[in-house]
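Because the structure is a prediction, the values reported are computed rather than measured. Order of appearance sets the numbers: ligands from 1, and atoms from 1 within every ligand.
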Amino acid sequence: MTDVLNQLFIGGAWVDAADGATMPVDDPATGEILCHVADAGPKDAKLAEEAAVQAQQDWARTAPRARSEILRRAYELILERTDELAHLMTSEMGKPLAEARGEVAYAAEFFRWFSEEAVRIDGGCGTLPDGRNRMLLSRRPVGPCLLITPWNFPLAMGTRKIGPAIAAGCTMILKPAPQTPLSSLALAGILKEAGLPDGVLNVVTTSRAGEVCEPLLRGGRIRKLSFTGSTGVGRILLAQCADTVVRTSMELGGNAPFIVFDDADLDVAVDGAMVAKMRNMGEACTAANRFFVHRSVADEFGRRLAERMRALVVGPGTRDGVDVGPLIDRTGRGKVEELVADAVERGARVLVGGRTPEGPGCFYPPTVLTDVSPESRLMDTEIFGPVAAILTFDDEDEVLRRANDTPWGLVGYVFTQGLDRGLRVSEGLEVGMVGLNTGLVSNPAAPFGGVKQSGLGREGGQVGIDEFLEYQYVAVPVR
Ligand code: NAP
C-alpha cells in the first residue's frame, strides 16, 4: 500500500509526527503489515488543538448553508469512491467487501442527514410569564471538540460525529483507533476536497491514546468530548472531563438481549438473529449477546440458526463470496476463545463452530452454543465475535427480569407476533433502542444510543446535532 494517506492532518496540511514516529497498520486477514502511519505524540496533539481553537470563531460564523453544502459535497464524494473506501476498510479492519460497501453508504448518509440539519438549527423569541422581559433564545456551537472512535466501524463512527459537529459549527480533533487509521485519513482528504476550511477537522493517529488525549481534556480549551468505545475506557475519560467540566457524549458497550417468544415467526426470528449477531462478524456494540428463547421453540430455533451459520463462508474479506472475515486481532480472537471455553466448561453444547482454524489471520468460525448456563462469563461480557449463546425461558416476566439484569442498556431485540406483547416487552426493556421483529436498528435518521452504562447522549436523528450545540438566552426588558 503506497498511495494511502498516512500522515497527520493538522490545520489543513499533511504532516509527519513531530518526533518522526510511525506505527504499523496490520491486515487482520494475514497478520502482515499493510503500511505505516504517523504516530502522534502530545506535541502533535497541541498543534491540532491550536489549529482547532484558531479556526473556531470563523467557522462558527460561516453560514449554515455553506456548512451544509460542504457536507453534501463530501457525501457525494464518498459515494463516488465507494469501492476505493470499501477496499481500504476491508484491508485494515477485515470485514467482507459487501459489508464494507454497506458501511460506506451508511457513513455517507450521516453527512447527507446532517447537511440537511445544518440549516434547521432553531432558536426562539417570546415574552416571559411576568411580562417584564422578552426572551431571545439562540443556539451556538459548543466549541472545539475531541472525537475518539473505535475500530469496528472505521468510517461510520467518524461521520456520525464529524457530520453533526460540522453542521453545528464546531471545529474538532479526530483520534481514530490505531488498528484502523486509514479510513479516517481518507475521510479527511475527502472533506478537504469538499472545501472544509483548514483547521476545522484535524486527524491525529496515535498508538499513545492516553498521552495524547488526557492533556487535551484537562487543558480547558477543548469544550466537548464525543467518545465511542468500551465502557471501561468511557469511565476513565469521564473522570478526565470532570476537572474542566467538558461536555460529553458517550457511546459505550452493550450486552444486547435477543428474545424469541413462542408465538414468534421463527423464519423472521432466525433472519433477525443472523443480522443482529453476524453483522460485522459480531464485532458490533449492537450485536445480540444473549439469546433468550422460549423453551418450547428453543430446539427448533437453535437447529435453524446453526444451519444458517454453518452455510456461511469464512475467509479474507477481499475474496468473492466470503460472508465472515477475520476478527480484528489476536487479542480479540483470544477473548472469544476463552468465553466459548468457559461456556462449554459450564455445560453449553456446541451446535456448530467453536474451534479456531489453523493458519494465518484472526479467523473464528460462526458458532452456536445452546443450553448455556446463566453463570457463563459471556452473559456479562461483550463477546464481540460470531458466537450465538442460547438460553431458555418460560414466561414474559422472567425473561424481562433476566434481560434487564445487566449494567448495560444499549439495544434489545424482541420477536413475537403479538402486538401487545411486542410493545409491552419493548417498553419494559431498559435500553435506548429496540428491534421489534428486526435485527437491525441503526439508521442515521434515528437517535442512536444507550441507557445505564451504555452511554450518555444520542447520535443521529434530529437530536444528534444537539450534542454539539448549546443554548444562549438573552433577556430584553419590555419598555
Ligand atoms: P476501546 O478500547 O474503548 O477504544 C476506543 C477508542 O478509545 C480507541 O480509539 C482507543 O484507542 C481509545 N482509547 C483507549 N484508551 C484511551 C484513553 N485512555 N484515552 C483516550 N483514548 C483512549 O474500544 P474498542 O475496542 O476500540 O471498540 C470496541 C468497544 O466499542 C465495544 O465495547 C463496543 O461496544 C463499543 N462501541 C460502542 C458503540 C456505540 O455506539 N455505543 C459503537 C461501536 C463500538 P487505543 O486503542 O489506542 O487505546
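Atom 7 (O) of ligand 1 has F227 CE1, 3.2 Å as its closest protein atom, hydrogens excluded (heavy atom only). Distance from atom 48 (O) of ligand 1 to its nearest protein heavy atom, with residue and atom name: A209 CB, 4.0 Å. Closest to atom 23 (O) of ligand 1 among all protein heavy atoms lies S230 N, 3.5 Å. When only non-hydrogen protein atoms are considered, atom 8 (C) of ligand 1 lies nearest to T149 O, 3.5 Å.
For E459, no heavy-atom contact with ligand 1 is shorter than 4.0 Å. Under 4.0 Å from ligand 1, the heavy atoms of L252 that appear belong solely to its backbone. With a heavy-atom cut-off of 4.0 Å, F448 touches ligand 1 through its side chain alone. For L237, every heavy-atom contact with ligand 1 shorter than 4.0 Å involves the side chain, none the backbone. Residue contacts with ligand 1 for M433 are absent, since no atom lies close enough (heavy atoms, distance under 4.0 Å). Residue T228 touches ligand 1 through backbone and side chain together, judged by heavy-atom distances below 4.0 Å. Contacts of E382 with ligand 1, taken as heavy-atom pairs under 4.0 Å, involve the side chain alone.
The cationic group of R139 lies under 6.0 Å from the six-membered ring centre of Y471 and within 45° of the ring axis, placing it in a cation-pi geometry.
Between W151 and ligand 1, at least one N/O pair is under 3.5 Å apart.
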Only distances under 3.5 Å count here; give the side-chain donor-acceptor pairs of residues 251-260 to other protein atoms, sequence neighbours excluded, each with its distance to 0.1 Å.
from: N255; atom 1: OD1; to: N289; atom 2: ND2; distance (Å): 2.9
from: N255; atom 1: OD1; to: R290; atom 2: NE; distance (Å): 3.3
from: N255; atom 1: ND2; to: M379; atom 2: O; distance (Å): 2.8
from: N255; atom 1: ND2; to: T406; atom 2: OG1; distance (Å): 3.4

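For atom 27 (O) of ligand 1, a protein heavy-atom neighbour is found at a distance under 4.0 Å.
Residue pairs satisfying the salt bridge (charged side-chain N to carboxylate O under 4.0 Å, His left out) criterion with at least one member in residues 162-182, sequence neighbours excluded, are absent.
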